[in-house]
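Notes for the one structure printed next.
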Amino acid sequence: MVLLELKNIGRRFGHIVALKGIDFTLEDGEVLALLGDNGAGKSTLIKVITGVYPPSEGDMYFGDEVIRFDSPQDARDQGIETVYQDLALVPSMSISRNFYLGRELVKRLGPFTLCDQAAMDTGAAAALGEIGIHIRNASESVARLSGGERQSIAIARALHFGSRVLILDEPTSALSVGETRKVLSYITAAKKKGIGVVFITHNISHVFEVADRATILSHGEKVGDFSICDVTQDDIAAMVMGQGIPEHL
Amino acid sequence: MKRYDAIRTRLARSPEAGAAAGFSVIFLVFALATPDTFLSHSAISSILNSQAVPGILAIGITLLMISGEFDLSVGSILGVSSLAFLYATVNDVPILLAAAIGLVIGCLLGLINGLLLISTGIPSFIITLGTMLAYRAIPLTVISGGRIIRYADYSRESPVLEVPGLVFFILTLALFFLVLWIARDIWRARNQSIKSKILLAAAILFSAYLLLQALVPHPLTPVKIDFFDALNGRVGTGNYRTSILWWIGLTSVFAIALSQTRFGNAVFATGGNAQAARLQGIRIDRVRVINFVISGFLAALAGIIQVARLKSVDPLRGTGLELEVIAAVVIGGTLLTGGYGSLIGSAIGTALTGMLRTGLVLMQIPSNAFRGAIGAIMIAAVVINNFVRKER
């Protein structure tokens, strides 16, 4: 079933055309790799989907309804969760505060609403444990964690808050081999739960490991959509580098 | 060993640890050097009385600094609000309305800072440097050359706030029900020990006692409150003033708000990583503007509290206060880069600067050496805090 559909999406910043005539679909339980060279418009497209940059033109459909996101909060309310490469967590805050940031668990104290820190500590530890991340202490500062641990927490957070679409912006770019394996396994786990996953990457071998389909962008326009079964790594590399669609496709 | 480690990490993790340690050392030095004079009520009360105003300003500065912003204009806002409050008072505006005018002006000047920040995107250091000069122009032009507005020139009696008996009764009752309401929620909360339940019962009984004590002397007769004394009058027999209670009370309320509420989380996140906070749905611009308004409000309140004691306003009131307060906040462990800090630390830092000023005088060191000492201690505090943070 089609979960998310974009038709003829364009986005301008002043005179600069960042995206033009993009059609894009994502089905539930599908892993879609979003590929393209630097400046191809991958991040802009993701920010359109997540409400950071409302589109200048075109329509978005979520389920069967036309939808418009004017803020990241709008997208989150619909279950679209995003994990940004370096922007996922606040290093100076604790794991549990990061986990529940903007969605804190609260308790009432007369007319006042206070954060329920104890509930957030246990809740965050339990949610992380569910996907196999074991932390020493949920009140520990994120600054002490490795890049992989941070990425894991951000993904666990996205999965925990009932997302229907999970968007990952270069989730493996700064990780060690072992950490990369883990992150790719979370993607497979999300797919099994029926979540639609979009991930941006520069590593084509990761695409072949976990993705079902690849959408390739170049200079703000879509080059094409390909099922992973139909293409080779060389085909994809050629298209990412702007050499157009290989003749045999 | 394990226990020691836990305490050590906990200390290292609290921003105020360095300030508390520094405070203890300096306190000991003064106490040993001049035990007779330094450990007297007159010295301690003079330190606390003089630091209440900067201490209240430090609350707003700390909130802003944790959210990654600066406010150099608090001294000027204090000047403008003090002038507006006293000017209204001597022109026979009812005292409560005059105070409200001062506070609203403080909020508005803070709001201007915040709106300038989010609409221009210029660093708040530059914006508030500009508004510091611009706001200062207001008292400088309104009060002509070298004049001082004195309350005593207009009236011999302190302004009295007359609360009708019924209003007083209702307010006391409302306060009592608020205590009961909070107590009920604490009682219902999970895993409460017997000890905390006994403490709670004691607190309720105590507030009931206070309620009765407040009501019995004036059963529905009007209550007259000396407005200046309520803000900054003497308490008890010593020279301690009510401004100290305002400082402690406001610090406590804002410390709870900062560490225990969703807003506090948003403040830390905005300063710690503004982009990440925004992408998690936190409205970072709103957080910044609110903090500037809080800072303006507190500057105005501090100004009114100061007027309540000095009973005068001169055009340069509050000049230079901003730097002293920023130094105290930095000594208190709050990071200039945002995302990390503590209001308790700022209170300790403010007390430390006051203690240093009084202590050096008592040791008969020339008072001008004070600035040098503050500067050296501030730099030392940052170096130590950075070191401790790496250990964390």
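Every chain is numbered from 1, with letters handed out A, B, ... down the list of sequences. Everything quoted here is computed from the prediction, not taken from an experiment.
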**Report entry** Segment of A:Leu114 engaging chain B (4.5 angstrom heavy-atom cut-off)
**Finding:** both

Requested in this report: Counting only heavy atoms closer than 4.5 Å, note whether A:Gln117 contacts chain B via side chain, backbone, both or neither.
Outcome: neither

What's the separation between atom [atom1] in [X] and atom [atom2] in [Y], rounded to the nearest 0.5 Å?
X	Y	atom1	atom2	value
B:Gln280	A:Phe99	CD	CZ	10.5 Å
A:Thr113	B:Gln260	OG1	CD	12.5 Å
B:Arg184	A:Arg108	CZ	CZ	10.0 Å
A:Phe112	B:Asp185	CZ	CG	11.0 Å
B:Ile282	A:Arg103	CD1	CZ	10.5 Å

**Report entry** Sequence neighbours excluded, every pair satisfying salt bridge (charged side-chain N to carboxylate O under 4.0 Å, His left out) that has a member inside residues 325-344 of chain B
**Finding:** none

Take atom [atom1] of [X] as the centre, draw a 6.0 Å sphere, and report whether it contains more than 12 heavy atoms from other residues, nucleotides or ligands.
X	atom1	value
B:Leu205	CG	yes
A:Phe13	CZ	yes
A:Lys191	NZ	yes

Query - Proximal component of B:Arg283, with respect to chain A [non-hydrogen, under 4.5 Å] - result: neither

Query raised in the report: Using non-hydrogen atoms only, which part of B:Leu178 is less than 4.5 Å away from chain A: side chain, backbone, both, or neither?
Result: side chain

Query - Top of B:Ala274, B:Gly338, B:Gly281 for chain A proximity - count of heavy-atom pairs under 4.5 angstrom - result: B:Gly281

Requested in this report: Among the options B:Ile182, B:Leu180, B:Val179, pick out the one with the most heavy-atom pairs lying under 4.5 Å from chain A.
Outcome: B:Ile182

Requested in this report: Using a heavy-atom cutoff of under 4.5 Å, enumerate the residues of residues 261-270 of chain B that contact chain A, numbered in order, or state 'none'.
Outcome: B:Thr261, B:Arg262, B:Asn265, B:Phe268, B:Ala269

Report task. Work out which heavy atom in B:Gly272 is nearest to a heavy atom in A:Ser92; give both atom names and the distance. Result -> CA-OG, 3.7 Å

Report summary line: Taking every heavy atom of B:Asn273 against every heavy atom of A:Val90, the minimum-distance pair comes out as N-CG1, 3.8 Å

Identify each donor-acceptor pair in which a side-chain atom of residues 31-49 of chain A lies under 3.5 Å from a protein atom, sequence neighbours left out, and give them as a table.
unit_1: A:Asn38; atom_1: OD1; unit_2: A:His202; atom_2: NE2; d: 3.3
unit_1: A:Lys42; atom_1: NZ; unit_2: A:Gly36; atom_2: O; d: 2.8
unit_1: A:Lys42; atom_1: NZ; unit_2: A:Asp37; atom_2: O; d: 3.2

Report summary line: Given A:Ser71, A:Gly110, A:Gly102, A:Pro111, the one with more heavy-atom pairs under 4.5 angstrom with chain B than any other is A:Gly110

Requested in this report: Could you list the residues that satisfy ring pair (Phe, Tyr, Trp, His ring centres under 6.0 Å) with B:Phe125, not counting sequence neighbours?
Outcome: B:Phe70

Requested in this report: Decide yes or no for B:Arg278 and A:Val52: does some side-chain heavy atom of the first lie under 4.5 Å from some side-chain heavy atom of the second?
Outcome: yes

